[in-house]
Each structure stands twice: as structure tokens, then as C-alpha cells.
Amino acid sequence: MTRIRRKIRVLLADQRGAVFVLVAISMVAVVSAAALAVDIGVLAAARTDAQRAADSAALAGASAFIDDPENAATLAPIRAEQYAELHKVGVQTVDLWPAEDVEVFLDEMKVRVTVRHLRSRGNAVSTFFARVFNVSLVNIQAMAAAEAAPADAVGCLTPWAVADMWEDTYLPGDPGKYDYDDADKSSTPTDGDSFDDYCPCT
């Protein structure tokens, strides 16, 4: 027994090869982290793709309120589907289900689109190295909304500017005639005038 104990003590005291063991364990950890980083990058890119597709589809759907407001409820989902399917999430073409993924709000002139790549639909995003941890598919989803609004609804937009040194006045009773603010205060341009004839909105 004494010899066995001595041999065990000698073996425990011998540190030859310890570095190799530590390096091997460290390499496994480093490679695992790098592999997961690759998968995380792929999933982040897929999420960005899905958001881009949702944005495009929502804008396309909302355009129906501008082009054909009376048929927007029917036309908006069709346009949203057409534009969504021009995009890809990873290597898969977007498969939009208008009945579930497109919401049309007629009162608000708004369209909301959700792009879904799910296991239940058979189009979840595949992983590479995460399969070691039994994660081969990941659900990806993105939502966007767009609202149609008239861009020319302003009847008169006041031109704001830094105040100048000229007095802008018009002849009483005749808003169509404006002084040029020179010495003679006439409504007819003469030499030395520095202020253009300007008619503000009424």
C-alpha cells in the first residue's frame, strides 16, 4: 500500500502535460463561443431582413389608400403580399399570409404587416453550430405599420425667415399693391428700391 501511495503522490506532483489539458479545454470553449457567434450573426441578419420586408409591405399596402381609397380594404393586403414576397429572410423568400399577417385599419388609413418565419409554418430560420445544443430552427418575426396621409393639405404655409430691415406695408384698401419701402413709399419700383413686391397668404 505504501508503494501505491507513493506512486499516486508522484503522479499528482508531476505537472507534465497539464498545459496541454488546459489548452484543450480552452479550445473547446473558444470554438463553441465562435460557433454561437456565427449563429447569432445569422439570426440577427435574418431579423433585419424580416423587418425590411415588413416595412416594404406596410408601405405598399398603405399606398392603396392614396391610389384607390374606396377599394383599400381589398387592395392593401394584395399589395402588401406582392411587395413582401420580393424580399428574402436569409435564403428563404418571404411567405406572407394576408389573412393573418396583414391588418387594415380603414378609419386610420393604416396598414400593419407582420412577417413571420416560424416552425409552425415550416419556414423557421436554420442554425449551423447551435444544433449541437439541439437548437436547429429559430422563429423570426418582425412587424411594421404605415399610415397614408395627404401631403398637400396645407393651404398656406407661412414663409418663416430672419427679420430684415425693411418695412412691409401695403396701401390701405388695396392688399394687391405693396410699397417698395424706399424714400418715396410708392408701389411702383424705382431706383434704389430694395424690397420685392410680396403678397402674403390671406
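The chain is numbered in sequence order, starting from 1.
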Give a yes or no on whether [X] and [Y] share a hydrophobic cluster (residues Ile, Leu, Val, Met, Phe, Trp, Tyr; joining criterion: side-chain heavy atoms under 4.5 Å apart).
X: Met109; Y: Val104; answer: yes
X: Leu106; Y: Leu75; answer: no
X: Val111; Y: Ile78; answer: no
X: Leu86; Y: Val89; answer: no
X: Phe65; Y: Val102; answer: yes

Does any N or O in the side chain of Gln92 come within less than 3.5 Å of the main-chain N or O of Asn123, such that one atom is a donor and the other an acceptor?
-> yes
Checking Asp39 side chain against Thr127 main chain: does a donor-acceptor pair fall under 3.5 Å?
->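 No; zero donor-acceptor contacts below 3.5 Å.
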What pairs of donor and acceptor atoms, side-chain ones from residues 51-61 against any protein atom, are under 3.5 angstrom apart with sequence neighbours left out?
{"from": "Gln51", "atom 1": "OE1", "to": "Arg47", "atom 2": "NH1", "distance (Å)": "3.1"}
{"from": "Gln51", "atom 1": "NE2", "to": "Asp55", "atom 2": "OD1", "distance (Å)": "3.0"}
{"from": "Gln51", "atom 1": "NE2", "to": "Met143", "atom 2": "O", "distance (Å)": "3.1"}
{"from": "Arg52", "atom 1": "NH1", "to": "Asp49", "atom 2": "OD1", "distance (Å)": "3.1"}
{"from": "Ser56", "atom 1": "OG", "to": "His87", "atom 2": "NE2", "distance (Å)": "3.3"}

Residue list, side-chain hydrogen bond (donor to acceptor under 3.5 Å, both in side chains) with Asn139, at least two apart or on another chain =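 Not a single residue meets the side-chain hydrogen bond (donor to acceptor under 3.5 Å, both in side chains) criterion with Asn139.
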For salt bridge (charged side-chain N to carboxylate O under 4.0 Å, His left out), just list the numbers for Glu100 and Arg121, CA-CA rounded to whole Å, side-chain angles, deciding distance to a tenth of an Å, and then say yes or no.
-> CA-CA 12 Å; Glu100 296 181 16; Arg121 294 190 179 186; 3.2 Å; yes
When rounded to the nearest 0.5 angstrom, what is the spacing between CD in Glu81 and CG in Leu96?
-> 6.0 Å
Roughly how far, to the nearest 0.5 Å, is the OG1 atom of Thr74 from the CZ atom of Arg79?
->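 Reported to 0.5 Å precision, the distance equals 12.0 Å.
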Grab the two heavy atoms, one from Val113 and one from Ala80, that are nearest each other, plus how far apart they are.
-> CG2-CB, 4.1 Å
Shortest non-hydrogen contact between Ala50 and Ala142, atoms and distance |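 Smallest interatomic distance, heavy atoms only, reads C-CB, 3.6 Å.
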What do the steps show when you test His117 against Val115 for side-chain contact (heavy atoms from CB on, under 4.5 Å), and what is the final call?
-> CA-CA 7 Å; His117 277 247; Val115 172; 4.1 Å; yes
Would you say Val94 and Lys88 make side-chain contact, with heavy atoms under 4.5 Å?
-> no
Residue list, side-chain contact (heavy atoms from CB on, under 4.5 Å) with Ser126, at least two apart or on another chain |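 In terms of side-chain contact (heavy atoms from CB on, under 4.5 Å), with neighbours along the sequence ignored, Ser126 is linked to Arg131, Leu137.
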Ion pair Glu147/Lys110, N-O distance below 4.0 Å =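 Result for this pair is no, no salt bridge flagged.
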Stepwise salt bridge (charged side-chain N to carboxylate O under 4.0 Å, His left out) check, Asp101 with Arg112 | CA-CA 8 Å; Asp101 301 336; Arg112 184 163 58 204; over 6 Å; no
